[in-house]
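Notes for the one structure printed next.
No hydrogens, no waters, no symmetry mates; every other heavy atom, side chains included, goes into these values. Worth saying up front: this structure is predicted, and the values here are computed from it rather than measured.
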Amino acid sequence: MKKIVKNALNQLKSLFDQRDEITLINQQKVLDAFIKNKIALRHFSPSTGYGYGDDARDTLIRLYADVFGTETAIVSPMIASGTHALTIALFGLLRPGQTLLFATGTPYDTLNDVIAGENIGSLKDFGINCVTVPLKNGAPDLIAIENECKRLNPSVVMIQRSRGYEMRPALSVDTIKQIADIARSVGNPFVLVDNCYGEFTEVQEPCFADAIVGSLIKNPGGGICPTGGYICGTEKAIAQIEGRLTSPSIGREVGSYAADYRPFYQGLFLAPHTVAQSIKTAMLFSEVFSSLGYDTMPKTGESYDDIICSIKFGDKEKLIEFCKAVQSVSPVDSFASPEPWDMPGYNDQVIMAAGAFVQGSSIELSCDAPIRQPYIAYLQGGLTFEHGIIALEKCLDALKIR
């Protein structure tokens, strides 16, 4: 077993070197933003009540806008998840009678009720039309996207960067730009990018979008941010969205945080390195399981535009054993044994291995999967690459691979 892993590490050396180059560029970018904004100890101080004049919050907003290359941002511990951040953005940008076009196939499971739920305050309840452009051979269908934009004149075109629970590649920034350019060539929609799992995987972010959305307990939180989400974008888009974060009358002017802001700042500073650790872990899992005959994505040498490694097991029991093995080498709750369950927001039962310091943190080594054919595990995260190696060896042992 150790020989399998050692051989894979040797195969990946040059690719790891390329990843280190990307990490260095991103670390410089983040550091430059910290220096530009003169981050000081006072920016870690908590606030209470309405949070008027909260310098920590307002400086964090400017910091994220600079790192992501946008005009402004919303960064808030009041945002509970990536799905929550996307919901805020969608309801901020759309109005009754308008059309939302999903340009990259079926959106992630947890958005189903946001889009089409009955009598729960969904987009459908507010008279918003939602249309999906199916993927073609696992990739965005650019011709179909253009045709639908001409036919529908959508008010918002949404692009999901990561794969969700699909066996398809994550989208590169260049591909996202292609879609945005097509949409704008035939109309004037807001371009909204679900950037979850994609931050710092490349040397640039999709800053050309009107709004970029993500969770702080994923990539940009660096593994230590305790909660929150971000929406970076243009002044026009953020001005519409901020009223849905709080209320239209006050926007980003209020919102306190009585705990320490330090993890929000420190997590962002650590994020480029932590993302690199996650991607190296994903690359190693993909190389090893591919060599053993499993269908993996991305394969060795393919682009990593999110932090996820998909492994198709084709067998329910093997999938469950794999997730149990990941849980057993977690630093938190290693004694727990994950089981499939009816997780809120999902169509199928989901099994989730997530022994994390921050509950649900997908930048920490974790694994989840819907219990449906062809039984694909989605492995992501890893605060340290060494932990990834140890977890891989445990998974191989659990599957009786010697």
For a quick test of your reading: what N or O donor-acceptor pairs under 3.5 Å do the side chains of residues 215-225 make, sequence neighbours left out?
| from | atom 1 | to | atom 2 | distance (Å) |
| --- | --- | --- | --- | --- |
| S215 | OG | I217 | N | 3.2 |
| N219 | ND2 | Y197 | O | 3.1 |
| N219 | ND2 | E199 | O | 2.9 |

Donor-acceptor pairs are to be reported for all side-chain atoms of residues 379-386 against protein atoms at under 3.5 Å, with residues two or more places apart or in another chain.
| from | atom 1 | to | atom 2 | distance (Å) |
| --- | --- | --- | --- | --- |
| Q380 | NE2 | S366 | OG | 3.0 |
| Q380 | NE2 | D368 | OD1 | 2.9 |
| T384 | OG1 | H387 | N | 3.2 |

Is it true that [Y] and [X] share a donor-acceptor pair across their side chains at a distance under 3.5 Å?
{"X": "T281", "Y": "S278", "result": "no"}
{"X": "S256", "Y": "S47", "result": "no"}
{"X": "S172", "Y": "D174", "result": "no"}
{"X": "S155", "Y": "R95", "result": "no"}
{"X": "S249", "Y": "S247", "result": "yes"}

Tell me the ring pair (Phe, Tyr, Trp, His ring centres under 6.0 Å) pairs involving residues 89-123, sequence neighbours left out?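 Output for this query lists F91-F126, Y108-Y165, Y108-Y346.
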
For a ring-ring contact (aromatic ring centres under 6.0 Å, His included) check, start with the C-alpha distance between F269 and Y265, then their side-chain angles and the critical distance, and finish with the verdict.
CA-CA 6 Å; F269 181 75; Y265 286 89; over 10 Å; no

Discussion item. Once side-chain hydrogen bond (donor to acceptor under 3.5 Å, both in side chains) is applied, what residue pairs with a partner in residues 11-22 remain, sequence neighbours excluded?
Written reply: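 Matches after skipping sequence neighbours: D20-K280.
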
Query - Of all pairs that satisfy side-chain hydrogen bond (donor to acceptor under 3.5 Å, both in side chains), the ones with a partner from residues 235-245, not counting sequence neighbours - result: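 For residues 235-245, and leaving out neighbouring residues, the side-chain hydrogen bond (donor to acceptor under 3.5 Å, both in side chains) pairs sorted by first residue read E242-R252.
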
* To do: Measure up the Y50 and Y52 rings against each other and bin them: parallel (under 30°), tilted (30 to 60°), perpendicular (over 60°).
  =>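 Tilted: the ring planes of Y50 and Y52 meet at 30° to 60°.
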
>> S290: which residues meet the side chain to side chain donor-acceptor pair (under 3.5 Å) condition with it, sequence neighbours left out?
In response: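 If we apply the side chain to side chain donor-acceptor pair (under 3.5 Å) test to S290, skipping adjacent residues, there are no hits.
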
Side chain to side chain donor-acceptor pair (under 3.5 Å) with T274: which residues, sequence neighbours excluded?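 With sequence neighbours excluded, T274 shows a side chain to side chain donor-acceptor pair (under 3.5 Å) to no residue whatsoever.
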
List the atom pairs, donor and acceptor, that lie under 3.5 Å between side-chain atoms in residues 315-322 and the rest of the protein, sequence neighbours left out.
| from | atom 1 | to | atom 2 | distance (Å) |
| --- | --- | --- | --- | --- |
| D315 | OD1 | E317 | N | 3.0 |
| D315 | OD1 | K318 | N | 2.8 |

Under 3.5 Å, sequence neighbours excluded: what are the donor-acceptor pairs made by side chains of residues 330-339?
| from | atom 1 | to | atom 2 | distance (Å) |
| --- | --- | --- | --- | --- |
| S330 | OG | V326 | O | 3.1 |
| S330 | OG | Q327 | O | 3.2 |
| S337 | OG | K324 | NZ | 2.6 |
| E339 | OE2 | K324 | NZ | 2.8 |

Worksheet item: Is the shortest side-chain N to carboxylate O distance from E148 to R151 below 4.0 Å?
Response: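 A salt bridge links E148 with R151.
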
So does D194 pair up with R161, basic N to acidic O under 4.0 Å?
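The answer is no: the pair does not qualify as a salt bridge.
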
Practice problem: Walk me through it: do L292 and L396 pass the test side-chain contact (heavy atoms from CB on, under 4.5 Å)? | Solution: CA-CA 10 Å; L292 294 169; L396 294 174; 3.8 Å; yes

Verdict with supporting geometry, R163 and D306, side-chain contact (heavy atoms from CB on, under 4.5 Å) = CA-CA 8 Å; R163 68 200 66 186; D306 66 9; 2.9 Å; yes

Can you pull the salt bridge (charged side-chain N to carboxylate O under 4.0 Å, His left out) pairs that have at least one residue in residues 24-46, sequence neighbours excluded?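 Passing the test, one end in residues 24-46: K36-D66, R42-D55.
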
- Is there any salt bridge (charged side-chain N to carboxylate O under 4.0 Å, His left out) pair reaching into residues 124-147, and which pairs are they, with sequence neighbours excluded?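 Every salt bridge (charged side-chain N to carboxylate O under 4.0 Å, His left out) pair that includes a residue of residues 124-147, provided the two are not neighbours, is E118-K124, E146-K150.
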
How far apart are the C-alpha atoms of V191 and R184, what are their side-chain angles, what is the distance that settles it, and do they pass the side-chain contact (heavy atoms from CB on, under 4.5 Å) test?
CA-CA 9 Å; V191 175; R184 288 166 173 161; 3.7 Å; yes

- Steps toward side-chain contact (heavy atoms from CB on, under 4.5 Å) verdict (F200, E205): CA-CA 7 Å; F200 302 115; E205 303 295 332; 4.1 Å; yes

Margin query: Going by salt bridge (Lys or Arg N to Asp or Glu O under 4.0 Å), name the residues that satisfy it together with E287, two or more places apart in sequence or in a different chain.
Written below: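 Partners of E287 by the salt bridge (Lys or Arg N to Asp or Glu O under 4.0 Å) criterion come out as none, since no residue qualifies.
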
Checklist entry - Between Y230 and Y64, is the gap from one ring center to the other below 6.0 Å? => result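 Here the rings of Y64 and Y230 have centres that are less than 6.0 Å from each other.
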
